Amino acid sequence: IINKLPPNIEFLVAKRVINYQSIEALIQIPQGTEVLLVNDHEATCQLTIEQLRNHGINHIDYRPYFPGGITAKGIKIAVTPNESHLVPKGVETVIDIGTRQIDIISIFEIAKWLQVPESKINTMSSEFVSEIVVLLKKFNSAAKSALEYKNILQGILDNASDGIIYCDLEGVIIAAN
């Protein structure tokens, strides 16, 4: 599209990013799980995978899937940025992370380009930061709850008259008395 614009036209290319509020379900996927990343083109698949990895969601083994591409058989989870209709049959779980949003830097560039008053830009910045604070509070609350449950479990173990060992599925000891 840029190549088709007349040379005297000013333009700004906005960057799009994964909505950080949509990644909670991805964090819960076990390490090394193969997941189809479903999007409309190979390039957008690769870009979305790159952005997810850059956001720290790099514990997943992403397999790009797009119309006309090759489907990896037996993969039970698909992740897609609002392209659920492209998910191949047989996938059991679809995690729709929603449409990628314009990133905050692009929003500020657009606002400056449109000569939005600095007070309005400051308000936009505050709203963006407050959304992150809400998310951090949510994760902090979950961490506190996990610690409380751990302390309750340890209290039960410490007061039990029998020997008890609590292990995970791999046999790693999590707690013992």
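Predicted, not measured: the structure shown is a model, and the values here were computed from it. Worth knowing before you read on, the calculation uses all heavy atoms, side chains too, and leaves out hydrogens, waters and symmetry mates.
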Gln46 side, atom CD; Phe66 side, atom CZ - distance, nearest 0.5 Å: 8.0 Å
CD1/Ile27: more than 12 non-hydrogen atoms of other groups inside 6.0 Å: yes
Flag if over 12 foreign heavy atoms under 6.0 Å of CD1, Ile105: no
Minimal non-hydrogen separation, Val87 against Ala78, with atom names: CG1-CB, 3.9 Å
Residues Tyr62, Cys45; criterion side chain to side chain contact (heavy atoms under 4.5 Å, CB included); working and verdict: CA-CA 10 Å; Tyr62 298 103; Cys45 283; over 6 Å; no
Heavy atoms from other residues, nucleotides or ligands near CZ of Phe139 exceed 12 (cutoff 6.0 Å): yes
Heavy-atom donor-acceptor pair, Ser125 side chain to Ile121 backbone, under 3.5 Å: no
Chi angles and distances behind the side chain to side chain contact (heavy atoms under 4.5 Å, CB included) call for Met124, Val116: CA-CA 11 Å; Met124 291 183 335; Val116 173; 5.6 Å; no
Gln31 side, atom CD; Asn58 side, atom CG - distance, nearest 0.5 Å: 8.0 Å
Check: Ile29 and His59 side chains under 4.5 Å, non-hydrogen atoms: yes
Atom CG of Leu153: over 12 foreign heavy atoms under 6.0 Å: yes
Donor-acceptor contact present, side-chain Asn159 to main-chain Gly155, <3.5 Å: yes
N/O donor-acceptor pair under 3.5 Å between Asn177 side chain and Asp162 backbone: yes
Apart from Leu169 itself, residues in the same hydrophobic cluster as defined by side-chain heavy atoms under 4.5 Å: none
Side chain to side chain contact (heavy atoms under 4.5 Å, CB included) between Ile18 and Arg100, intermediate numbers included: CA-CA 5 Å; Ile18 305 296; Arg100 291 180 300 138; 3.8 Å; yes
Separation between CD1 of Ile165 and CD1 of Ile173, rounded to the nearest 0.5 Å: 5.0 Å
N/O donor-acceptor pair under 3.5 Å between Gln51 side chain and Arg16 backbone: yes
His41 NE2: over 12 foreign heavy atoms closer than 6.0 Å: no
All side-chain contact (heavy atoms from CB on, under 4.5 Å) counterparts of Leu86, not counting sequence neighbours: Val38, Asp40, Pro67, Glu83
Spacing of CD1 belonging to Ile95 relative to CG belonging to Leu37, to within rounding of 0.5 Å: 11.0 Å
Flag if over 12 foreign heavy atoms under 6.0 Å of CD1, Ile70: no
Over all atoms of both residues, closest heavy-atom pair of Asp96 and Pro81: OD1-C, 3.9 Å
Worked check of side chain to side chain contact (heavy atoms under 4.5 Å, CB included) between Ile97 and Ile23: CA-CA 7 Å; Ile97 58 174; Ile23 62 174; 5.6 Å; no
Residue pairs, two or more places apart or on separate chains, that pass side-chain hydrogen bond (donor to acceptor under 3.5 Å, both in side chains) and touch residues 104-122: Glu10-Trp113, Asp103-Ser106
